[in-house]
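Data first, discussion second: the structure below is written as structure tokens.
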Amino acid sequence: MRILITGGAGFIGSHLCDRYLADGHDVIAMDNLSTGSVANIAHLSGHPRFHFIKHDVTHYIYVAGDLDMVLHLASLPSPVDYLNFPIQTLKVGALGTHNTLGLAFAKGARFLLASTSEVYGDPQVHPQPETYWGNVNPVGPRGVYDESKRFAEALTMAYHRYHHVDTRIVRIFNTYGPRMRSDDGRVVPNFICQALRADPLTVYDDGLRTRSFCYVSDLVEGIVRLMAADVHDPINLGNPTEFTVLEFAEKVIAVTGSRSAITFLHPTDERTRDDPKVRCPDISRAKTLLGWEPQVSVAEGLKRTAEFFRTRQGAG
Ligand code: UDP
């Protein structure tokens with residue numbers, strides 16, 4: 001197959017490039033390198049079945065030749081990034097999804113939208129099944145990301161129903177692993193890099209919000225299975241092992257063997273406004289339809305991720 005992956009130089013996108021190349025396919029990674037990095041795909045340069053196109057998907061996309069699959073991963077998924085670039089976030093979710101769907105339609109390609117657990121907003125149903133419609137504040141600071149993905153889901157279903165494009169929607173819950181940016185502001189790189197430097201881990205507010213963390217290889221396996229299955233409704237992919245942020249900080253300290261303390265910060269900017277109080281995926285649908293569930297424990301995943309930050313990028 002010939003596969004286009006937007007956001008292909010990003011954290012998850014680059015792991016998908018690796019996987020599809022290893023499976024013997026031709027892969028084109030498209031990225032504007034705003035939050036993605038050539039370092040994530042440097043090892044693929046010169047690979048005979050890999051191509052990179054530097055392009056911003058909010059503009060018309062031209063790709064010569066046939067395509068069998070388009071996976072639309074391009075996005076600014078870190079809260080710090082989408083708070084800093086709110087309009088670009090809305091554009092990549094709306095215009096970028098429109099352009100990539102149009103491309104998939106023109107090429108007769110199967111399409112995947114990388115959506116998010118943020119479509120559930122600050123959820124009033126816990127854990128979150130795909131049937132839950134969510135609790136999103138459209139005009140809050142996180143609305144730019146949440147609503148762009150909700151619009152992207154609606155657009156994907158419209159192309160499926162009206163144009164019969166063969167679409168998939170994955171709702172990705174917090175995912176972590178090597179190739180995350182050390183400075184993207186999310187809790188996993190923040191805590192690991194702080195632990196490696198023996199700096200205090202910055203727990204926001206009381207640390208009682210919950211999240212669950214999926215290792216990237218598990219997510220990639222789920223996406224590959226979803227692409228191969230005949231499922232058009234959204235599918236949650238994530239690890240249902242739930243932690244409070246404070247418990248997670250303790251876990252990171254234990255796994256890295258760090259001397260770090262924990263400090264409680266109360267951000268006065270918009271970082272924690274509308275920050276979901278709980279989040280945990282109900283993965284029954286993925287288990288039944290894809291035979292999928294996470295295999296990598298949080299301890300193992302954190303060890304591998306810490307190793308990446310220690311060796312590849314330094315703890316800075
Ligand atoms: N968080 C924290 N300290 C940090 C970074 C994040 O306590 O240094 C909290 C944040 O407020 C949220 C959770 O950790 O409740 C997960 O945040 P992240 O930015 O990783 O992503 P989110 O799940 O909110 O999209």
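Order of appearance sets the numbers: ligands from 1, and atoms from 1 within every ligand.
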Return yes when atom CG of Asn135 has more than 12 non-hydrogen atoms of other residues, nucleotides or ligands closer than 6.0 Å, and no otherwise.
yes
For Arg211 and Val187, what are the C-alpha separation, side-chain angles and deciding distance, and is it a side-chain contact (heavy atoms from CB on, under 4.5 Å)?
CA-CA 10 Å; Arg211 293 294 187 273; Val187 70; 5.6 Å; no
Quick note on ligand 1: atoms under 4.0 Å from a heavy atom of Glu118 include exactly 25 (O)
Parallel, tilted or perpendicular, as decided by the 30° and 60° cut-offs, for the rings of Tyr82 and Tyr145
parallel
re atom 15 (O) of ligand 1, the protein heavy-atom contact at minimum distance is Asp275 OD2, 2.9 Å
Under 4.0 Å from a heavy atom of Pro79: give me the atoms of ligand 1 that qualify, with their elements.
19 (O), 21 (O), 25 (O)
Polar contact flag, side-chain donor to acceptor under 3.5 angstrom, Glu153-Ser115:
yes
Have Arg279 and Ser117 got a donor and an acceptor in their side chains that come within less than 3.5 Å?
yes
Sub-4.0 Å atoms of ligand 1 with respect to non-hydrogen atoms of Thr272
11 (O)
Can you say whether the rings of His163 and Phe105 are parallel (under 30°), tilted (30 to 60°) or perpendicular (over 60°)?
parallel
Which atoms of ligand 1 have any heavy atom of Val245 under 4.0 Å away?
7 (O), 13 (C), 14 (O)
Nearest-neighbour protein heavy atom for atom 24 (O) of ligand 1, which is reported as residue plus atom name and distance
Arg142 NH2, 2.9 Å
Please could you name the atoms of ligand 1 that Arg279 approaches to less than 4.0 Å, counting only its heavy atoms?
22 (P), 23 (O), 25 (O)
Pick one of side chain, backbone, both or neither for how Val188 approaches ligand 1, counting any non-hydrogen atom pair under 4.0 Å.
neither
Side chains of Arg142 and Asn137: donor-acceptor distance under 3.5 Å anywhere?
no
Heavy-atom proximity to atom 7 (O) of ligand 1, picking from Phe173, Tyr82, Tyr204, points to Tyr204
Around atom CZ of Phe85, are there more than 12 heavy atoms from other residues, nucleotides or ligands closer than 6.0 Å?
no
Against ligand 1, does Phe248 come closer than 4.0 Å with any heavy atom?
no
Selection from Asp184, Val203, Thr202 by shortest heavy-atom distance to atom 3 (N) of ligand 1:
Thr202
Which part of Val187 is near ligand 1, with near meaning a heavy atom under 4.0 Å away: side chain, backbone, both or neither?
both
Quick one: does Met180 get a heavy atom under 4.0 Å from ligand 1?
no
Arg211, portion touching ligand 1 at heavy-atom distance under 4.0 Å
side chain
Any salt bridge between Arg304 and Glu300, counting N to O under 4.0 Å?
yes
For Asn190, the ligand 1 atoms whose distance to one of its heavy atoms is below 4.0 Å:
4 (C), 5 (C), 8 (O)
Using the benzene-type ring in the case of Trp, are the ring centres of Phe213 and Phe248 under 6.0 Å apart?
yes
Can you sort out which atoms of ligand 1 are near Asn174, meaning under 4.0 Å from one of its heavy atoms?
21 (O), 22 (P), 23 (O)
Of the side chain and backbone of Arg186, name the one, both, or neither that has a heavy atom under 4.0 Å from an atom of ligand 1.
both
Could you tell me, atom by atom, which parts of ligand 1 come under 4.0 Å of a heavy atom of Gly185?
5 (C)
